[in-house]
Each structure stands twice: as structure tokens, then as C-alpha cells.
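First the structure, in the form of C-alpha cells, and then the observations on it.
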Amino acid sequence: MTATTATSSGSTHEVFNQPPPLAGHDVAADAALLEAAEREGAGWAVADLHRLGRLAGGEQAQRWGDEANRYEPRLLTHDRYGHRLDEVEFHPSWHRLMDVAVAEGLAGAAWADPRPGAHVARAAGFHVWSQVEAGHACPISMTYAVVPALRQSPELAAVYEPLLTSRVYDPGLRTPGQKRGLLAGMGMTEKQGGSDVRANTTTAAPAGDGTWTLRGHKWFTSAPMCDLFLVLAQAPGGLSCFLVPRVLPDGTRNVFRIQRLKDKLGNRSNASSEPEFDGTVAWLVGAEGQGVRTIIEMVAMTRLDCVIGSASGMRAALTQAIHHARHRAAFGGPLVEKAAMRNVLADLALESEAATALAIRLAGAVDRNEPLRRLAIPVGKFWVCKRQPAVVGEALECLGGNGYVEDSGLPRLYRDAPLNSIWEGSGNVQALDVLRAMRRAPESVEAFLAEAGAAAGADRHLDAAVADLRERLADTSDPEARARRVVERMALVLQGSLLVRHAPAAVADAFCASRLGGDWGQTFGTLSPSADLAAIVERAAAPE
């Protein structure tokens, strides 16, 4: 009887040595991010970033992110009577995430903001808010990216740009002109072509009244509840870009038959669809036959957001790992003080800071329309997006079994991690685009090398790497076979240059010695013991 009483008292289930929930912190309290925003011209946005960061770090926003993924979007093809609906139903938490993102100017608002640094401020906010949930960032990113492409048809831009740059989230399919804000998407890829968009078979025929009629089937079109889409189709004059609204100016539904939603690895909150066009009304954007040239500016901006989004995902995972190690004891003391764990955390912190520094530098290049952007964006897209899965996987391992359960949030981060490396062209596409840029825009090569060499004489590993890179770029033999290796080196050199110029010595020295000098193993946690690991981790730790 005594034994039974002891068991029922709960003494066998005392919870201790578990970290407290990571909630109630300021996601924007990130020295690497704030310093980058300041030097790239968005110091005026720091107060807003902290306000958004406190919202992002709160329990309410974390619940929204969880619910938007737990209760996935649902396709409604027909109503009860058999009429086509072609709508997607989202959980209310999705709409709350979208509302914040649009209101904070993370969609198209930067294009209407005349302040220097507007695109940098938007990038920093995107970095902060995407740590809550990555899926809803897709329509936010496409809405941001559509504006410069649409400007190639000024008459269309005059109609739609004021609503695409609005800070009002106004969901639902209605006549665009009657809404307070619009969202945009794109339809490029088809099942037989993928990244080879010139293999598209969707056709476009002139209707004789200034509009065109599309017929075809797209393979991957995310966020089908957006108001407008840029779509590639084969016109008589060649592959062309078209604007397709979901609702026509007269209030009738355009033909946009959603055949199915994709059952994806991650990005579960975001609906990715296969739409069918059959007599779909469209307007030509840019010149006929110049579809790729027209839409490439939209592609460049979404690639920029891939870099920012991957840097954001790395930061979210790193924050979780450091928080756990600070509060979890093992082998006689806090995990964060154990040499092996400290090395891992420091290594992850280097990767995170380098990614953030590069992402915000790219946003600065966009803000100032620098030639650097043409080459550096695909370089950053290639490398940073490939590092995210490795970083998130190692961070998850820092939590052990605690990180492997859904409640931790890390499984969602892990499932989301590969997406940015695939979206808007996977690794080979990015590497080949770098080669293309070097041929067509040689001034971008000089701009890149000038940026990489701006820290000359400050670090011997960086100096040697810049010299080696110049030789690699001058070597024109087998460019395609060497492309990935060269682009990887370009990214590391550019990151090293940024850190040497702007990061504390502990961070810059360890990054250059490991990534450029070869004093590194094949896994995270293999930094030299001589590196100032404690200082690196302390800089990366979120205030608690």
C-alpha cells in the first residue's frame, strides 16, 4: 500500500534538466543582422525590426506558424452543384501570418518607398518574420518580385502596381480594381521542361482586342489564390510573358482550373498547384518573344529572397540549438560549456552569420542597383541555399531526441530546408547562370572581384583565396564541368570578405581559417581549438 501511494504522488515524473520554451524573445536581437542592415542603409528601420522581432518571438506567432502547417490548405474544385470553384481554403493562422507580412511591407511596399535602404529594410524584416514560418513567405516574395517585371509594360504597371505595393492584405477572389491590395505569383515550369522553360508547350494566341488567349498546363504554380500571375507561353513570335488575373476586370472568373495541389516534403502551409489554362485571358508583358528577358527580373528578386529565406532558416535553427545548450546540463555542466558542443555551435554560428551578411549585402546591391547584383545573387543562391539543410540538420542533432519531435519546431525547419535550393533553379541552373552572366555582363565580374578584394591585406587566407579565384575565373577550359566548384569558391570568398571587413575578429578569423584556409574537417564542430569559440557563440546567442 505504501509503494502504491509513492507511485501515485508523481515522484516518478519530476521534470528537470529540460530547457524552458523558447518564447518571448526578440528575434531581431541578432547582431549580425542589425549591423548589416545599418551599414547597407537601413539603420532607420531598426526600431521597426525590434517590434517585428518581439512579435515573431512570441507564443502567439509561434502558434500561427504551427497551425498553418498542421492544418494544411484544402483544394475546393467544385461547389455542391458542380460549378467550378478552383479555390484553396487556408487555416485562419495562415491569414494572420500573411496579414503581418503585408502590413510590415515585406511584399511589394519597398518599390513604393523612396527612402534609401528601403529594400534592405524589407530584406531584414523578411529575415526576421520568416523565422516564424517559411511557407507564407512564398506569395510575399513573388509579390515583391513581380513589380520590376511588370514595369516593362507601363500601362499594366499603372493599373496594378499601386495595389501590389499596398500594405493591406485583402484575401479573396474579387475584381482587382475593387481590392485594397493584391498578391502575385508566377507560372513558368511545365512537366516536360522544369527549369528548361523554353520547352514550355502552353500556347498564347492574340484575341484581336489587345488580349491574348492561353491554353496549357503548368506543373508548379505556388500560391494559386494570388490575384495575378506572370505566365510564360509560346506566342507566334516566341516564348513570351503574360499577365493572368484570377478575376477579370468585368468581375468574371478567368479560366484557372486547379487540377491538384502538390503533396510536398515541406512548405506544407503553402499551396503549390497545377493550373490548367483553356481560353484563359491574358495581357502581354514586355515584347513578344522576349518572355525570359521580361520575367528574369522577377526571377532575380525571388532568388534574392531564397538567399534571405535560407539565412533566416539557419538563424532560427541556430537560436534553438544555443538555447537548448544553455539550459541543458550533461556530463557535469551546461552543454554550452562543453568543448565539443561549443565547437559545433560556433561552427554553425559562422555559417549563419556569413549567410546573413551576404543576404543583406545583396539587398543593398538591389537597393542601389549595383552591377554586383547580376553575378552575386545566383552565387549566393547557389551556396547559401545549399548550406541550409546541413545547418538545420546539425542544429537538430544538438537537441538530440528533443529536436526530433514535432513540438520542437525543428522537424518543420528541416523539411523546409531543401526548398530554396530547388525553387527558381537548382544548383546547376545557378552555376550555369553565373557563367552566362560572366559572358554577357563582364562588368559584373569586375564588380564582384572589387567587392571580394575590398579587404586586401587584412587576412592572409582571404588574400590567397582571392588570388586563387582570379586564376579560376581566367581559366576558360571546361567551364561547365568546373562551374559548381568555381561558384562555391566565389561564394566563400565573398562571405569571407564581408566578415573580414565587418564582423568581429573572432568570427572573421575562424571563418577564413576554416572555409578558406582549409583548417576544417568534413563536419560541423571541427574548427581549430585556437579559435575564440566562446566569443563566437556569445555573439550569436539570442538575449534571454
Side-chain angles (χ1 to χ4, degrees), residues 86-88 90 95 98 101-102 106-112 136-189 202 204 207 210-214 216 218 220-233 240-258 270-277 279-286 291 294-302 305 424:
D86 296 300
E87 295 191 12
V88 180
F90 293 89
H95 294 294
M98 292 289 292
V102 174
L106 308 185
W111 299 104
H136 79 289
C138 178
I140 295 301
S141 177
M142 291 190 295
T143 303
Y144 170 69
V146 76
V147 173
L150 195 60
R151 285 176 175 176
Q152 296 188 49
S153 288
E155 69 284 1
L156 293 175
V159 173
Y160 294 111
E161 186 173 328
L163 293 169
L164 290 166
T165 57
S166 167
R167 289 178 179 249
V168 178
Y169 175 56
D170 192 2
L173 295 179
R174 302 192 302 283
T175 306
Q178 296 178 356
K179 299 186 71 173
R180 296 176 297 160
L182 301 178
L183 297 174
M186 68 168 78
M188 296 175 61
T189 62
T202 295
T211 67
W212 294 68
T213 301
L214 305 189
K218 293 298 179 181
F220 242 108
T221 298
S222 284
M225 290 303 289
C226 286
D227 301 286
L228 312 168
F229 292 83
L230 289 191
V231 173
L232 292 180
S240 304
C241 181
F242 296 89
L243 178 72
V244 175
R246 287 292 316 266
V247 180
L248 296 172
D250 63 4
T252 60
R253 291 282 187 94
N254 208 354
V255 179
F256 195 98
R257 298 180 185 138
I258 304 175
N270 177 42
S272 298
S273 68
E274 291 182 38
E276 182 183 66
F277 306 135
T280 302
V281 179
W283 281 260
L284 181 66
V285 180
T294 300
I295 209 169
I296 197 66
E297 188 66 19
M298 183 176 187
V299 172
M301 294 302 95
T302 49
D305 276 5
E424 298 300 6

Validation row: [X], [Y] side chains within 4.5 angstrom (heavy atoms):
X	Y	value
S240	L284	yes
L182	S166	no
L243	L230	yes
T221	V231	no
R174	V247	no

Is the backbone N or O of [Y] less than 3.5 Å from a side-chain atom of [X], with the two atoms forming a donor-acceptor pair by type?
X	Y	result
T213	G279	no
Q152	T294	yes
N254	V281	yes
T252	L248	no
T302	V299	yes

As an exercise, state the distance from [atom1] of [X] to [atom2] of [Y], rounded to the nearest 0.5 Å.
X	Y	atom1	atom2	value
M142	C226	CE	SG	5.0 Å
W283	Y160	CH2	OH	5.5 Å
R151	E297	CZ	CD	10.0 Å
D305	I140	CG	CD1	10.0 Å
Y169	T143	OH	OG1	10.5 Å
L106	M98	CG	CE	10.5 Å

If you look at every heavy atom in [X] and [Y], which pair is closest and at what distance?
X	Y	answer
M298	G185	CE-O, 3.8 Å
M301	P148	CG-CG, 4.1 Å
Y144	W111	O-NE1, 2.7 Å
I258	P224	CD1-CB, 3.8 Å
F242	A282	CB-CB, 3.8 Å
K218	L232	NZ-O, 2.7 Å

Begin from the C-alpha positions of L163 and D227 and carry the test side chain to side chain contact (heavy atoms under 4.5 Å, CB included) through to its verdict.
CA-CA 10 Å; L163 293 169; D227 301 286; over 6 Å; no

Derivation of the side chain to side chain contact (heavy atoms under 4.5 Å, CB included) call for D86 and R246:
CA-CA 10 Å; D86 296 300; R246 287 292 316 266; 3.8 Å; yes

One pair to check against side chain to side chain contact (heavy atoms under 4.5 Å, CB included): V146 and M186. What are the steps and the verdict?
CA-CA 8 Å; V146 76; M186 68 168 78; over 6 Å; no

